[in-house]
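Below you'll find the structure, written out as structure tokens, and then a few comments.
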Amino acid sequence: MKLLKKISLGVVVVFIAMQFFSPTKNISPGNHTAVFIKETNPTPELQRTFKTSCYDCHSNNTEYPWYNNVAPISYWLADHVNEGKEHLNFSEWENYSLTKKDHLLEEIEEEVSNGKMPLSQYTLIHADTKLSVSEVTDLVEWVRQTRIIYQLGKQPK
Ligand code: HEC
């Protein structure tokens with residue numbers, strides 16, 4: 001019993017100590033996805049979909065929930081954001097090659113059609129970020145049209 005008390009006290013102390021540390025936030029003021037929007041021309045509805053369901057992990061600006069102020073949740077979220085951005089960052093679209101853009105669009109279609117994105121841990125907490133059937137259909141159509149543009153751009157003149 002005594003040992004158990006000591007352990008619980010230890011856990012509480014560590015938890016409190018953790019609150020003094022937090023990872024750097026992923027925040028970028030302004031219109032950070034302007035190039036992506038201009039180039040790929042998604043419908044206004046699709047732009048909203050990206051904003052609500054993807055930008056939190058795939059752009060330079062995350063809209064943080066209140067519980068991000070609690071460690072270790074903050075570290076867990078930062079991990080998702082860093083990993084998501086590494087794979088795909090809509091705020092860095094101008095820095096991708098035509099081949100990369102074409103490939104990323106292919107991946108976006110695949111991940112969304114298979115229901116792998118947005119991540120299920122995320123849609124579980126934010127139910128409104130789950131894509132509807134019609135949103136997926138619109139996204140697939142947009143991917144097909146946009147890929148043609150990038151593929152034509154790749155062909156020699
Ligand atoms: C909660 C964070 C989160 C959200 C929200 C999210 N993603 Fe992801 N995404 C990740 C992480 C982490 C990875 C990398 C690991 C993996 O594939 O599971 C990833 C990987 C991807 C990849 C794979 C890229 C590659 O190179 O293979 C694509 C494409 C993608 N996401 C698209 C999307 C789209 C489109 C949305 C919105 C409909 C979205 N994601 C929403 C976290 C997220």
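Since this is a predicted model, take the numbers as computed values, not measurements. One-based numbering, in listed order, for ligands and for the atoms of each. What's counted below: heavy atoms across the whole structure, side chains too, no hydrogens, waters or symmetry copies.
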- [ ] Can you label the angle between the Trp93 ring and the Tyr96 ring as parallel, tilted or perpendicular, going by 30° and 60°?
- [x]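 Trp93 vs Tyr96 ring planes: perpendicular.
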TODO: Give the intermediate values and the outcome of side-chain hydrogen bond (donor to acceptor under 3.5 Å, both in side chains) for residues Asn89 and Asn60.
DONE: CA-CA 7 Å; Asn89 186 344; Asn60 288 340; 2.8 Å; yes
Only distances under 3.5 Å count here; give the side-chain donor-acceptor pairs of residues 72-80 to other protein atoms, sequence neighbours excluded, each with its distance to 0.1 Å.
none

Show me a pair-per-line table, with atom names and distances to 0.1 Å, of protein N or O atoms that are under 3.5 Å from an N or O of ligand 1.
from	atom 1	to	atom 2	distance (Å)
ligand 1	7 (N)	His58	NE2	2.8
ligand 1	9 (N)	His58	NE2	2.8
ligand 1	27 (O)	Glu107	OE1	3.2
ligand 1	31 (N)	His58	NE2	2.8
ligand 1	40 (N)	His58	NE2	2.8

Task: From NE2 (His87) to CD (Glu111), nearest 0.5 Å - done: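 One finds 8.5 Å between NE2 of His87 and CD of Glu111.
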- [ ] Using atom types as modelled and distance alone, determine if a side-chain donor or acceptor of Thr62 lies under 3.5 Å from a backbone N or O of Tyr64.
- [x]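 Not a single qualifying donor-acceptor pair exists.
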TODO: Could you tell me whether the side chain of Phe50 reaches within less than 4.5 Å of the side chain of Leu139, counting heavy atoms only?
DONE: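 A side-chain contact under 4.5 Å exists here.
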